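Worksheet: one structure, shown below.
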Amino acid sequence: MIRVRFAPSPTGYLHIGNARTAILNWLCARHYNGRFILRIEDTDVKRSSRESELSIISDLKWLGLNWDEGPDIGGKFGPYRQSERTEIYQKVAGKLKQMGRAYDCYCTDEELKRDREEDLKNKRPPKYRRRCLNLTEEEKKKKISEGRKPSVRFFVEPGLISFKDLVAGEVEFDTVNIGDFVILKSDGKPTYNFAVVVDDALMEISIVIRGNDHLSNTPKQIMLYNVLGYKLPEFAHIPMITGKDGARLSKRHGATSVMEYRKKGYLPEAMINYLSLLSWSSTSGEEILSIERLIEEFSFERISRSQATFDIKKFNWLNGYYIRNSSIERITELCKPYLTEKGFEVKDDDILEKMVNSVKDNLDYLSQISERIEVFFFDRAKTIGEMELSFLRESNSRMVLSEFCKKVANIKEFSTEEFGRVMKEIQNETGIKGKSLWMPVRLALTGRFEGPELVKILEIFGPNKTRDIIIDTYNKYLKN
RNA sequence: GUCCCCUUCGUCUAGUGGUUAGGACCCAGGAUUUUCGAUCCUGCAACAGGGGUUCGACUCCCCUAGGGGACGCCA
């Protein structure tokens, strides 16, 4: 049974990079019919919060990633929150101390920092100097009486650690480059490198899929596995997602949280599809892939080793594709909150659907809806711009519109068919056609060069209102 | 500074010794269109550099350069 896990730290919103890690874990679990476990790594008391945990869970659910065991639903390997497993870590750390593979360290942050800076200044790799390795009982007592609380460090033995990563391939590390690292902080909480090993082992995680930034942590963890006699899992370090400058995705690259994209109106299936395309490709070469296809095609072999740049343009394209191919009912429903926010209320759902449908094919993301269908709520001919106005004042435009007004003024029951017939007449009589013929009408009606198709506006406004607006605009700007 | 990873069009990628180096996004042009867009078609554009190995290297090896990551009582 394949068991994989996603283990976020609840210190903020779900990050795009973490979301991708979650997706890959989930795809792997579903592909192999294994179990997907959610574990909360909240050992940093200061930075972790329940709000973050809740928002991460909410985003994961929105993406459609369901887990088989987790803090909210339990499971037989629980608890699934590290803050609730403190005694476990302390017991294991105690065992390590008994084995002589861990020891108390009384160094203060300041002392450690000073050593570090000195190493860096002398261009030496910063490494713990084992100041507390051979402390006598006297010295320990003295430190304690000074009010120092010890942390616990793992004793690193020299040697070569190598393993075969499912993505990175064969990797080897020399432990001389690794200092004795802290496994238990002075507040009694475990550090990441310690907790992750204990939990992954106890929760019987069989494949550890995580970001490539953890690759150099792996030898530390393998030492722990070995000393503790735990069964080693397989490792799969997936390439990181970067911004345009090649550095890991961060705030300065723009939106980095799933929440932000969610709010902007990106579709979850588009996000999963796009993120799965980063550092991975289908054997078929296709890029539009359903969740089912992604599960079916998941394979470590097709995950590339190089980092990928997050490209918002391609994401927009893909999201637009999904919007275009979703039902008008769904899109309309999803658009409602954005319209409400702008005060665009439409009682009749049929009309609203028509409005949304008139621009549905042009959206990158849903929140664009309000500006796109603004034309139906404002008389935009009243706020016409300079460029638009000068186009309207060209002789062709004047001719088209004056003819239009003249022909239409005496028609009692104006209809859509009538509208078409009148335009045809104008075309025949003046010889003006195409853009020159229709743009004046569009401008007079909407005040803008672009917008929904004219027929669709006509359909929503109705022939009479359409006519009235055009005549008004003509009278206002072109009468003399 | 030390260690680890990476390097094909601007971006995401295909490619596992012999290909006109393919696709997608972007961009440009055309078609269509009652605007923009959407759609269809066409085009632009890449093997980081240098050594090997080989009859033959994008592909295998080494070096250099560049990028990224780790070296925290953050995860």
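Chain A is the first sequence line, chain B the second, and so forth, proteins listed ahead of strands; every chain is numbered from 1. Computed from a predicted model, the values in this text were never measured in an experiment. When reading the values below, keep in mind they use all heavy atoms of this one structure, side chains included, and skip hydrogens, waters and symmetry mates.
Under 4.0 angstrom from either OP1 or OP2 of U2(B) there lies no side-chain N or O belonging to Arg124(A). For A70(B), the OP1/OP2 oxygens have a side-chain nitrogen or oxygen of Arg248(A) closer than 4.0 Å. At least one side-chain nitrogen or oxygen of Arg324(A) sits closer than 4.0 Å to the OP1 or OP2 atom of U39(B). Under 4.0 angstrom from either OP1 or OP2 of C6(B) there lies at least one side-chain N or O belonging to Arg305(A).
Checked against salt bridge (Lys or Arg N to Asp or Glu O under 4.0 Å), Arg81(A) has the following partners two or more places apart in sequence or in another chain: Glu53(A), Glu84(A). Residues forming a side chain to side chain donor-acceptor pair (under 3.5 Å) with Ser257(A) (at least two apart in sequence, or on another chain): Glu260(A). Residues passing the ring pair (Phe, Tyr, Trp, His ring centres under 6.0 Å) test with Tyr192(A), sequence neighbours excluded: His214(A). In this structure Phe404(A) satisfies the ring pair (Phe, Tyr, Trp, His ring centres under 6.0 Å) test together with Phe419(A), sequence neighbours excluded. Every residue two or more places apart in sequence or in another chain that forms a salt bridge (Lys or Arg N to Asp or Glu O under 4.0 Å) with Lys97(A) is listed here: Asp104(A). Applying the salt bridge (Lys or Arg N to Asp or Glu O under 4.0 Å) test to Lys354(A) and every residue at least two apart in sequence or in another chain returns Glu459(A). Glu301(A) meets the side-chain contact (heavy atoms from CB on, under 4.5 Å) test with Ser299(A); sequence neighbours excluded.
For Tyr266(A) and Tyr322(A), the distance between ring centers is not under 6.0 angstrom.
Using a 4.0 Å heavy-atom cutoff across all strands shown, His237(A) reaches no nucleic acid atom at all. Heavy atoms of Phe449(A) sit under 4.0 angstrom from at least one base atom.
Geometrically, Lys264(A) engages Tyr365(A) in a cation-pi contact, judged by NZ or CZ lying under 6.0 Å from the ring centre and within 45° of the ring axis.
Side-chain atoms of Lys123(A) lie closest to G1(B) of the nucleotides C3(B), G1(B), C73(B). Here the side chain of Ser216(A) is nearest to one of G69(B), U39(B), U35(B), namely G69(B). Here the side chain of Glu453(A) is nearest to one of C4(B), C36(B), C5(B), namely C36(B). For Lys185(A), counting side-chain heavy atoms from C-beta on, the closest listed nucleotide (C73(B), U35(B), C4(B)) is C73(B). Among the nucleotides C6(B), A70(B), C73(B), the one closest to any side-chain atom of Val182(A) is C73(B). Comparing A75(B), C25(B), U35(B) by their nearest atom to the side chain of Ser9(A) picks out A75(B). Side-chain proximity of Glu450(A) to A75(B), C36(B), G68(B): nearest is C36(B). In the set C5(B), U34(B), U2(B), U34(B) carries the atom at the smallest distance from any side-chain atom of Leu454(A).
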Per-pair distances, 0.1 Å, donor-acceptor, side chain in residues 438-445 of chain A, under 3.5 Å, sequence neighbours excluded:
| unit_1 | atom_1 | unit_2 | atom_2 | d |
| --- | --- | --- | --- | --- |
| Arg442(A) | NH1 | Pro452(A) | O | 3.4 |
| Arg442(A) | NH2 | Pro452(A) | O | 2.9 |

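Nucleotide C36(B): unpaired (no Watson-Crick or G-U wobble partner with both distances less than 3.5 Å). The nucleotide C60(B) finds its pairing partner in G52(B), both defining distances of the Watson-Crick or G-U wobble pair being shorter than 3.5 Å.
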What protein N or O atoms touch nucleotides 42-48 of chain B N or O atoms at under 3.5 angstrom, if any, and at what distances?
none

Got a list of protein N/O to nucleotides 12-14 of chain B N/O distances below 3.5 Å?
| unit_1 | atom_1 | unit_2 | atom_2 | d |
| --- | --- | --- | --- | --- |
| C12(B) | OP1 | Thr309(A) | N | 3.1 |
| C12(B) | OP1 | Thr309(A) | OG1 | 3.1 |
| C12(B) | O2' | Leu277(A) | O | 3.0 |
| U13(B) | OP1 | Ser279(A) | N | 2.1 |
| U13(B) | OP1 | Ser279(A) | OG | 3.2 |
| A14(B) | OP1 | Ser281(A) | OG | 3.4 |

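A stacked arrangement is assigned to Trp438(A) and the six-membered base ring of U34(B), with a centre-to-centre distance below 5.5 Å and an interplanar angle below 30°.
Rounded to an integer number of Å, the gap from Ile222(A) CD1 to A70(B) C1' is 15 Å.
Near RNA chain B, meaning a heavy atom under 4.0 Å away, the residues from residues 355-365 of chain A are Asp361(A), Asn362(A). Within residues 42-50 of chain A, the residues that place at least one heavy atom under 4.0 Å from RNA chain B are, in residue-number order, Thr43(A), Asp44(A), Arg47(A).
Defined by atom type and a distance below 3.5 Å, a donor-acceptor pair is missing between the side-chain atoms of Thr332(A) and Glu353(A).
The base of C73(B) is paired with the side chain of Ser186(A) by a donor and an acceptor separated by under 3.5 Å.
Between Phe300(A) and Phe298(A), the angle of the ring planes goes over 60°, which puts this pair in the perpendicular group of the 30/60° scheme.
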